[in-house]
Number of protein chains: 2
Amino acid sequence: MASKVRSDVTMADVAAAAGVSRTTVSFVLNKRQAGIPEETRTRVLEAVSTLGYRPNAGARALASQRSDWIGLLTEIVTAPFAVNVIKGAKDRAWADHKYLLIASTDDNVTDAAGLADQTVQIEKLLEQRIEGLLLAATWHRAITVPDVAREVPTVLVNCFDAAGEFPSIVPDEVGGGVVATQRLVAAGHTRIGFITFEDDIPAGQGRLRGYTRALEAAGLPFEPTLVTGGDATALGGYDAANRLLDRAERPTALFCGNDRMAMGAYDAIKERGLSIPGDLAVTGFDNQELVSAYLRPALTTVALPFEEMGAAGVATLTALIQGEEVPSLQTVSCSLLERSSV
Amino acid sequence: MASKVRSDVTMADVAAAAGVSRTTVSFVLNKRQAGIPEETRTRVLEAVSTLGYRPNAGARALASQRSDWIGLLTEIVTAPFAVNVIKGAKDRAWADHKYLLIASTDDNVTDAAGLADQTVQIEKLLEQRIEGLLLAATWHRAITVPDVAREVPTVLVNCFDAAGEFPSIVPDEVGGGVVATQRLVAAGHTRIGFITFEDDIPAGQGRLRGYTRALEAAGLPFEPTLVTGGDATALGGYDAANRLLDRAERPTALFCGNDRMAMGAYDAIKERGLSIPGDLAVTGFDNQELVSAYLRPALTTVALPFEEMGAAGVATLTALIQGEEVPSLQTVSCSLLERSSV
DNA sequence: GCGAGTTACTGAAGCGCGTTAGTCCCTCGA
DNA sequence: TCGAGGGACTAACGCGCTTCAGTAACTCGC
């Protein structure tokens, strides 16, 4: 039973209690090889636990010149569904006896004000003597990396820099597009509509490419009029779906660029008295759980591998810190979540 | 323009460059009052910036015996929409020159395994010599606080301990229930249905109480058959709404216990060919943006004050650390978000 | 012209730990 | 009996910083 008192027990106290020197305590705690008989070791460990000794991480870092800290700067706080990056990173870091120092920026702005805020945050992390830095974005895109990030090994997660200067971890949008489309093909559909974003972003490009590739692989023709774009919102999806459903020969399946658009598509489909998946099969993308799991019927969608990307980010960063070579771009595959809309 | 090199510039280097002692540098950086002429001050600050000096937070903490760290342990990572607690806490902390050390537990379990994980996390935070601890929960409820939390001033956010031993910050569920109901009353409704949770949790109890209070205040009768419960999910909401709509005299408005249930209620309403808000006005609770903002029509709902609770948590904790008296329970009010469903 | 008071600064101790370079003692072979 | 060798420790320095207790030089009132 450890002491309940605010711990100001130091190694010297432990040493005194165990009747040894501070050095010996340090050796025991740091598992220094040999030279210390079992008897002494247990005596020290007992003193540690009865006194409720807790090493002072700051002092240790000072003396050893290693902090075991990794900084994680994220804009995720404003886009909750990407928060699993933190979980993945944390778990992986703990496994390596590294610890995460999480900072966050208010916005996903890339303008001057945003950069300045990020710089301040990173500087605070540097003052903590982090050994490396992870920069995580809300949505997959190119970002401008603040200059100050160059002071320490840095890895980008769910984003990349235009110059390709920093190692990055991104989702395999193309592969995700392929599996979503393949699922529809496997269900026997041959006229598959694709609802894409108007914005020219990696997610849009990649998913479309996946769609065409899967079609090609299945020997199905690519029909440009089956592809239509819109705002990446429920309303955009609603309008786009209506456009597709107004066609003389309407599609029997819809691959929606993201879950929110699928949400809108659901409305359009239901308004026409059509059933899902009976009359129309639907797949989404992103697995924004709150949306996809609660739609009726629940949406079959592709999950973005946030947790895996977080873990890969830490692994890559650790390698980088140790001076190893790391790939400049890693893609992490996106897997299909089967629910009831196909 | 600061140096680009990995900072191992120390205060001694700055002192040498500025031609003063380390003590003087320290005084300048810590804004020690008087005794230092402007000329010396600027000389030091110039040396700081040309050398790219960055104070070592660990060393500073060691010497000053203050870490300026606050620990935040959250289970929020598994429940993204509550993540604004972090934002609120971080902003408030920065304003006070305190910094947040964020840790997270995997689950919102309250069993032995969960407690053990929390304990380990807190111990790591204690090794960093945090000055205080914030424990934040995903959803408003009673929690079991790990023993180690007693080693340091601790404040609970969005949760409370049964014994009332720790100061807590919780949302004003009753007040939220009142404003949601009042909004419906203000729109002229007199037959207002309430869809509640089956589980006996603070959110359910409080919102129901708010509903009855608002009715009473408006001079409307409380009609028990207008209240029905269900799973706190879209399906639960769907079923409950159907039950209410099957009544001979069906309600003209629905106050749903949360947004997911409202999502299900929307389905039930639309299936009957009824319009929102024309035939039925609907309010939700929680403001789970992904749901409420993208429903069609967008849902008028009550927002849980996560950001404010985070900020209040830090403020309370800071007071507690300074030995001030703090209230044992603070409720933060929930405000109505007007959209298009009323 | 002298002590008191101020201004501008500095020396050195010490925060809790890791780590190097020992010291001391005990065995054991020759 | 003696010296080599190794096992079991420890003294002491240094990590980068804060802070206490000065010191030295310069006013200023009388």
Side-chain angles (χ1 to χ4, degrees), chain A residues 6-45 47-48 51-69 97 124 126-131, chain B residues 5-45 47-48 51-69 97 99 124 126-131:
Chain A
R6 177 88 176 88
S7 172
D8 30 22
V9 179
T10 79
M11 253 177 63
D13 300 323
V14 175
V20 297
S21 73
R22 281 195 358 248
T23 308
T24 302
V25 175
S26 177
F27 282 1
V28 169
L29 292 178
N30 295 314
K31 310 199 175 24
R32 263 299 193 82
Q33 59 281 13
I36 294 173
E38 203 49 37
E39 197 266 326
T40 310
R41 183 181 304 275
T42 61
R43 197 146 38 88
V44 168
L45 292 177
V48 163
L51 292 179
Y53 169 71
R54 218 182 279 298
N56 181 320
R60 182 206 298 262
L62 230 206
S64 67
Q65 300 291 82
R66 298 177 309 106
S67 67
D68 289 340
W69 283 113
H97 301 283
K124 268 298 164 194
L126 289 175
E127 288 186 9
Q128 302 301 327
R129 294 302 186 262
I130 51 169
E131 297 178 354
Chain B
V5 190
R6 177 90 176 87
S7 174
D8 29 24
V9 180
T10 79
M11 251 177 62
D13 300 323
V14 174
V20 297
S21 72
R22 288 207 337 262
T23 307
T24 302
V25 175
S26 176
F27 282 1
V28 168
L29 292 178
N30 295 314
K31 308 198 174 27
R32 264 299 194 83
Q33 58 281 11
I36 294 173
E38 205 48 39
E39 197 267 327
T40 310
R41 182 181 304 274
T42 60
R43 198 147 36 90
V44 169
L45 293 177
V48 163
L51 293 179
Y53 169 70
R54 218 182 278 298
N56 180 319
R60 181 207 296 263
L62 228 208
S64 67
Q65 301 290 83
R66 298 176 309 106
S67 66
D68 289 341
W69 283 115
H97 302 281
Y99 304 94
K124 267 299 165 194
L126 289 175
E127 288 185 9
Q128 301 300 327
R129 294 302 187 263
I130 51 169
E131 297 178 351

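To find a chain, count down the sequence lines: A is the first, B the second, and so on, and within it residues start at 1.
- Between the CG atom of B:L51 and the P atom of D:dG16 there is a distance of 14 Å, rounded to whole Å.
- Between C:dA8 and B:T40, no contact under 4.0 Å exists linking OP1 or OP2 to a side-chain N or O.
- In this structure, the CD atom of A:Q128 is 13 Å from the P atom of D:dC17, given to the nearest Å.
- Interatomic distance, A:D68 CG to B:E127 CD, rounded to the nearest 0.5 Å: 10.5 Å.
- Although no hydrogens or angles enter the test, the distance criterion places a donor-acceptor pair under 3.5 Å between the side chain of B:R43 and the main chain of B:A18.
- Between atom CZ of residue B:R41 and atom OG1 of residue B:T24 there is a gap of 11.0 Å, rounded to the nearest 0.5 Å.
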Requested in this report: Carefully, step by step, assess A:W69 and A:R129 under the rule side-chain contact (heavy atoms from CB on, under 4.5 Å).
Outcome: CA-CA 7 Å; A:W69 283 113; A:R129 294 302 186 262; over 6 Å; no
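- A:E131 contributes a side-chain N or O that, together with a main-chain N or O of A:S67, makes up a donor-acceptor pair within less than 3.5 Å.
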**Report entry** Contact pattern, 5' to 3', of nucleotides 14-24 of chain C - B, S or - by protein heavy atom under 4.0 Å
**Finding:** BBBBBBB----
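- Under 4.0 angstrom from either OP1 or OP2 of D:dC9 there lies no side-chain N or O belonging to A:S21.
- Atom-to-atom distance recorded for A:T10:OG1 and A:R54:CZ is 14.5 Å, nearest 0.5 angstrom.
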